[in-house]
Amino acid sequence: MSRPLTLEGRPIPPELLAPAGSPEALKAAVDHGANAVYLGWGAFNARRGARNFSEEEFAQALAWCHVRGARVFLTLNILLSDRELPEALETARTASRLGVDAVLIQDWGLFDLLRKALPDLPLHASTQMSLFTSGGACEIAGDGCERVVLARECSREETEAICQNCPAEVEAFVHGALCMCYSGQCAMSALIGGRSGNRGRCAQPCRLPYGVNGAPKGQRPLSLKDSCLADRLGEMRGMGVACLKIEGRMKSPGYVAAVTDIYARLLEEGRKPTPQERETLERAFSRSGFTDAYWRGTKGPEMLGFRPENAPAAEPPLPPEADRRIPVEFTCVVRAGAPCSLTADDGCGNAATVTGPPPEPAGNRALTAEDLSARLQKTGGTPYRCARADVTAEPGLYLSAAAVNALRRDALESLSAARSAPPVRWERFPPPPLPDMDCAEAEPQLTVSVLSAAQLGGGLLDFRPARVYVPLELLAGMSSLPEAETEYCAVLPRVWRDQDEDLLRRWLDKARDLGAAGLLLGNLGHFPLARGGGWRLYGDYGLNVFNSRSLDFLRKKGLDSACLSFELRFSQIRDMRKVLPAEAIVYGRLPLMITENCLVQNALGCRCGQPNFLNDRTGASFPLLPAFGHRTEVENSRPLYLADQPGWRRLGLAYARLRFTTESPEDCVQVCRAYLEHAAPAGEFTRGLYHRGVE
């Protein structure tokens with residue numbers, strides 16, 4: 001388990017992981033105390049707007065960091081299409097050969113592909129995987145992840161529980177920007193502007209002004225203050241958090257240096273920040289100050305904050321660098337008639353021995369051990385410092401200063417080569433192909449999802465949908481289900497916590513008693529909840545299925561079908577290998593966000609039983625729906641409508657979903673009839689992203 005590691009009875013400090021959006025930021029991070037950095041190289045990372053690295057810069061960065069004892073993690077943490085997977089695999093293969101220490105992954109298909117093709121390459125589950133329970137963390141650990149990056153919304157108690165229960169390392173964010181939506185679940189930027197956060201192109205619409213229920217639109221109900229957990233490092237260290245992550249690959253080298261330096265000092269000295277250090281952190285960057293509310297297990301309007309567009313962007317001055325050179329022990333032998341030798345040992349299993357010319361008989365003054373030791377101390381300009389010099393020098397001999405300097409230089413260069421040498425890793429290329437199976441259908445069957453019991457009446461079930469998806473919490477309050485020629489499926493909450501799972505299991509028993517036969521799973525943590533109950537298991541859109549390999553990964557995990565991402569184009573869906581029956585949403589308001597904060601409570605007080613909406617500067621209204629745990633789901637302002645579009649019927653889909661949210665029972669019936677009759681739309685609607693796609 002990821003429990004505290006100890007040295008002489010004291011917990012070892014967690015790794016401090018800093019952002020490196022550019023080579024300059026990388027140097028600033030390592031020079032100011034980062035034990036590891038994360039960076040983007042190539043086209044496939046969640047900060048594609050950062051400076052990032054060329055291949056040559058990436059190779060140089062790896063060697064430079066490894067010499068200085070810092071690890072390097074490559075971010076490949078976006079969703080990938082089938083056409084992009086081969087290039088992403090080659091990127092990971094090159095990085096592995098160069099010696100990258102781990103790769104951060106979001107996409108299930110790439111994850112599965114890397115486990116097969118590069119089985120020795122350490123993989124970390126990105127926060128984009130939306131993991132916030134012990135079950136989810138253990139699930140991905142069992143699949144082969146060495147580290148899990150938790151959702152920022154996890155509290156102290158929730159993080160500690162995952163540390164105790166999960167065999168993988170746990171990484172937690174300690175400083176930087178907070179998204180209002182759970183990472184990996186936000187489609188707001190994609191659906192409003194075509195720039196997908198799941199593809200590394202988020203335009204940050206959450207930072208814009210909005211109103212709630214027609215209130216003045218100058219508020220920013222979706223913009224959170226930056227997180228700062230500088231006071232909480234001792235708690236995190238004690239519970240066994242393996243890595244503390246600073247957010248900020250879009251930030252400047254000055255910001256990275258200032259923030260990393262303070263956190264490194266706090267960890268090294270085992271203390272909390274001084275008032276001056278707090279001020280430095282806030283000056284470096286903040287949005288109306290900082291918050292630690294999620295860590296404390298609270299939420300509310302006090303978390304909201306923003307940074308005015310005309311706020312001065314003063315570059316923080318670089319703090320002075322502490323002496324973080326690598327301690328080295330030298331062993332030098334100078335004997336008559338033999339080449340002199342010098343061994344440099346870093347105490348971490350790396351040593352290098354070099355030889356130089358034989359010494360000459362001394363003329364005026366012989367070389368002493370003290371002289372030789374003093375010369376070996378002169379390591380200035382290198383990443384090393386001499387911690388100890390063990391010198392054997394026979395009397396009456398002479399060795400020039402130039403010869404000693406060359407000996408020291410060659411030994412340290414050889415040591416650097418040893419420290420930066422990439423490990424030998426097993427590769428299996430080409431990776432195993434997808435299974436020879438085809439679950440494509442000539443035309444999909446219609447399924448429906450509802451949010452209220454009333455929507456089940458009014459004639460909806462007369463259309464005989466293949467499946468009816470009903471929220472588990474709604475089923476828990478029902479005494480019976482209407483008789484119908486359909487399969488009832490319970491929809492598990494998108495967000496929950498460990499402490500909710502006993503309740504969810506009781507509700508599952510109730511749903512089975514009512515006649516539900518299937519479960520709709522939208523998170524990796526749903527799998528351990530669902531196993532062993534005799535359910536038919538289906539994947540929901542929250543799993544972000546973007547390619548054929550993801551379908552295969554989920555097939556092997558026991559799903560009978562999976563809903564595809566609504567950020568895919570029709571052409572991408574058509575060309576996808578249907579190794580698992582595939583479903584797509586073809587009608588309804590698409591979900592933009594799922595938020596830990598209740599947006600209505602924050603703005604107006606509790607009135608979640610009434611209709612609520614978010615209104616933007618263009619006059620658009622986005623319904624705010626209550627979600628399990630007093631959370632909020634933000635829906636798109638206009639419903640997706642494709643009844644008159646024949647294209648979706650010819651994509652090989654097995655199922656096509658009509659997603660009912662704010663519709664009345666009469667509306668549900670009209671929509672079903674329209675889809676059967678291929679009717680033209682009435683009222684405002686959107687075609688979604690199926691034609692235009694996303695960046």
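FYI, side chains are in, hydrogens and waters are out, and symmetry mates aren't considered; it's all heavy atoms of this structure. Nothing fancy with the numbering, it's 1 onward along the sequence.
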**Q.** Trace of the side-chain hydrogen bond (donor to acceptor under 3.5 Å, both in side chains) decision for R494 with N523
**A.** CA-CA 7 Å; R494 289 180 70 186; N523 184 278; over 6 Å; no

Can we say [X] and [Y] salt-bridge, meaning some charged N sits less than 4.0 Å from an Asp/Glu carboxylate O?
X: R199; Y: E695; answer: no
X: D231; Y: K272; answer: no
X: D346; Y: R419; answer: yes
X: R265; Y: E268; answer: no
X: K225; Y: E282; answer: no
X: D143; Y: R115; answer: no

Backbone N/O of [Y] and side chain of [X]: donor-acceptor pair under 3.5 Å:
X: N544; Y: G184; value: yes
X: S189; Y: A203; value: yes
X: E57; Y: S54; value: yes
X: S96; Y: A92; value: no
X: H32; Y: P319; value: yes
X: W64; Y: K27; value: no
X: D107; Y: L80; value: yes
X: R207; Y: L224; value: yes
X: S134; Y: N165; value: no
X: N597; Y: G300; value: yes

Is the charged tip of [X] near the ring of [Y]: under 6.0 Å from the six-membered ring centre and within 45° of its axis?
X: K557; Y: F527; value: yes
X: R220; Y: F306; value: yes
X: R307; Y: F285; value: yes

Return the [atom1] to [atom2] distance between [X] and [Y], rounded to the nearest 0.5 Å.
X: L17; Y: E171; atom1: CG; atom2: CD; value: 5.0 Å
X: M250; Y: C202; atom1: CE; atom2: SG; value: 10.0 Å
X: E501; Y: H526; atom1: CD; atom2: NE2; value: 9.0 Å
X: Q204; Y: C186; atom1: CD; atom2: SG; value: 10.5 Å
X: L110; Y: N77; atom1: CG; atom2: CG; value: 10.5 Å
X: Q185; Y: N198; atom1: CD; atom2: CG; value: 7.5 Å

Does [X] reach the side chain of [Y], with side-chain heavy atoms less than 4.5 Å apart?
X: L16; Y: T260; value: yes
X: M593; Y: C206; value: yes
X: L244; Y: L267; value: yes
X: L281; Y: S286; value: no
X: E247; Y: H175; value: no
X: Y384; Y: V67; value: yes
X: W108; Y: L524; value: yes
X: Y210; Y: P205; value: yes

**Q.** Test side-chain hydrogen bond (donor to acceptor under 3.5 Å, both in side chains) applied to Y182 and E596, E153, R152, the passing residue
**A.** E596

Would you say [Y] and [X] are linked by a side-chain donor-acceptor pair, where the criterion is simply a distance under 3.5 Å?
X: E567; Y: S196; answer: yes
X: R497; Y: S155; answer: no
X: R71; Y: N35; answer: no
X: S22; Y: E24; answer: yes

Give the minimum heavy-atom separation between [X] and [Y], together with the two atoms involved.
X: F173; Y: L150; answer: CD1-O, 4.2 Å
X: V72; Y: V100; answer: O-CG2, 3.3 Å
X: A141; Y: A168; answer: CB-CB, 3.7 Å
X: A34; Y: A18; answer: CB-CB, 3.8 Å
X: G248; Y: Y38; answer: N-OH, 3.6 Å
X: A88; Y: F44; answer: N-CE1, 3.6 Å

Q. For the rings on W496 and F132, is their centre-to-centre separation under 6.0 Å?
A. yes

Q) What about the rings of W41 and F53, do their centers lie closer together than 6.0 Å? A) no

Q: Assess whether side chain to side chain contact (heavy atoms under 4.5 Å, CB included) is satisfied between L222 and L614, documenting all intermediate values.
A: CA-CA 10 Å; L222 301 181; L614 190 75; 3.8 Å; yes

Q.
Between D292 and S227, is the side chain to side chain contact (heavy atoms under 4.5 Å, CB included) condition met? List the steps.
A. CA-CA 6 Å; D292 65 353; S227 173; 5.9 Å; no

Q: Start with the C-alpha gap between M180 and L304, add the side-chain angles, then the distance that decides, and say whether side chain to side chain contact (heavy atoms under 4.5 Å, CB included) holds.
A: CA-CA 9 Å; M180 178 59 83; L304 299 176; 3.9 Å; yes

Q) What do the steps show when you test L208 against D616 for side chain to side chain contact (heavy atoms under 4.5 Å, CB included), and what is the final call? A) CA-CA 8 Å; L208 297 175; D616 70 8; over 6 Å; no

Q. Do other residues, nucleotides or ligands put more than 12 heavy atoms under 6.0 Å from the CD atom of E269?
A. yes

